[in-house]
Participant: 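First the structure, then my questions, so here it is.
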Amino acid sequence: MNKDQVKGKVEEVKGKVKEATGVILDDEGMEVEGNVQKNVGKVQKGFGDLKEDIKDAINKDD
């Protein structure tokens, strides 16, 4: 795992918690903020996954 995968997963989890808290507290702003944070984390994790795939493909060819 690389740092983008780890950071992305952490942000995704934090976003899910924030989103759920917004739902429980009926705070639409917090819910939306959590949703955005969750999705940003997913994108960052996906970028990390892509980097790993590229690294593996390069190492496979060697």
Participant: Can you tell me how far apart NZ (Lys3) and NZ (Lys51) are? Round to the nearest 0.5 Å.
Facilitator: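 Those atoms lie 6.5 Å apart.
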Participant: Could you state the interatomic distance from CG (Asn2) to CG (Leu50), rounded to the nearest 0.5 Å?
Facilitator: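 Spacing of CG (Asn2) from CG (Leu50) equals 10.0 Å.
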Participant: Taking only residues two or more places apart in sequence, or in another chain, which ones meet Lys9 in a side chain to side chain donor-acceptor pair (under 3.5 Å)?
Facilitator: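 So Lys9 forms no side chain to side chain donor-acceptor pair (under 3.5 Å) with any residue.
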Participant: Please identify each residue that fulfils side-chain contact (heavy atoms from CB on, under 4.5 Å) with Ile24, with sequence neighbours left out.
Facilitator: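 side-chain contact (heavy atoms from CB on, under 4.5 Å) check on Ile24 returns nothing, list empty.
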Participant: Among residues at least two apart in sequence or on other chains, which ones pass side-chain contact (heavy atoms from CB on, under 4.5 Å) with Lys7?
Facilitator: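 Result, side-chain contact (heavy atoms from CB on, under 4.5 Å) vs Lys7: Gln44.
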Participant: Kindly write out the residues that satisfy side chain to side chain donor-acceptor pair (under 3.5 Å) with Lys42, not counting sequence neighbours, or none if the list is empty.
Facilitator: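 Testing Lys42 for side chain to side chain donor-acceptor pair (under 3.5 Å), a comparison that skips the adjacent residues, returns none.
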Participant: Output every pair passing salt bridge (charged side-chain N to carboxylate O under 4.0 Å, His left out) with a member in residues 24-36, not counting sequence neighbours, ordered by first then second residue.
Facilitator: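 Pairs touching residues 24-36 that pass the test: Lys18-Glu33.
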Participant: Could you pull out all residues at least two apart from Asp49 that satisfy side-chain contact (heavy atoms from CB on, under 4.5 Å)?
Facilitator: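 Residues passing side-chain contact (heavy atoms from CB on, under 4.5 Å) with Asp49: Gln5, Lys45.
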Participant: Going by the side-chain hydrogen bond (donor to acceptor under 3.5 Å, both in side chains) test, name the single residue among Gln37, Lys16, Lys38 that passes it with Glu11.
Facilitator: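 Of all the options given, the one that passes is Gln37.
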Participant: Answer yes or no: are there more than 12 heavy-atom neighbours, outside Lys55 itself, under 6.0 Å from its atom NZ?
Facilitator: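 Check fails, neighbour count at 12 or below.
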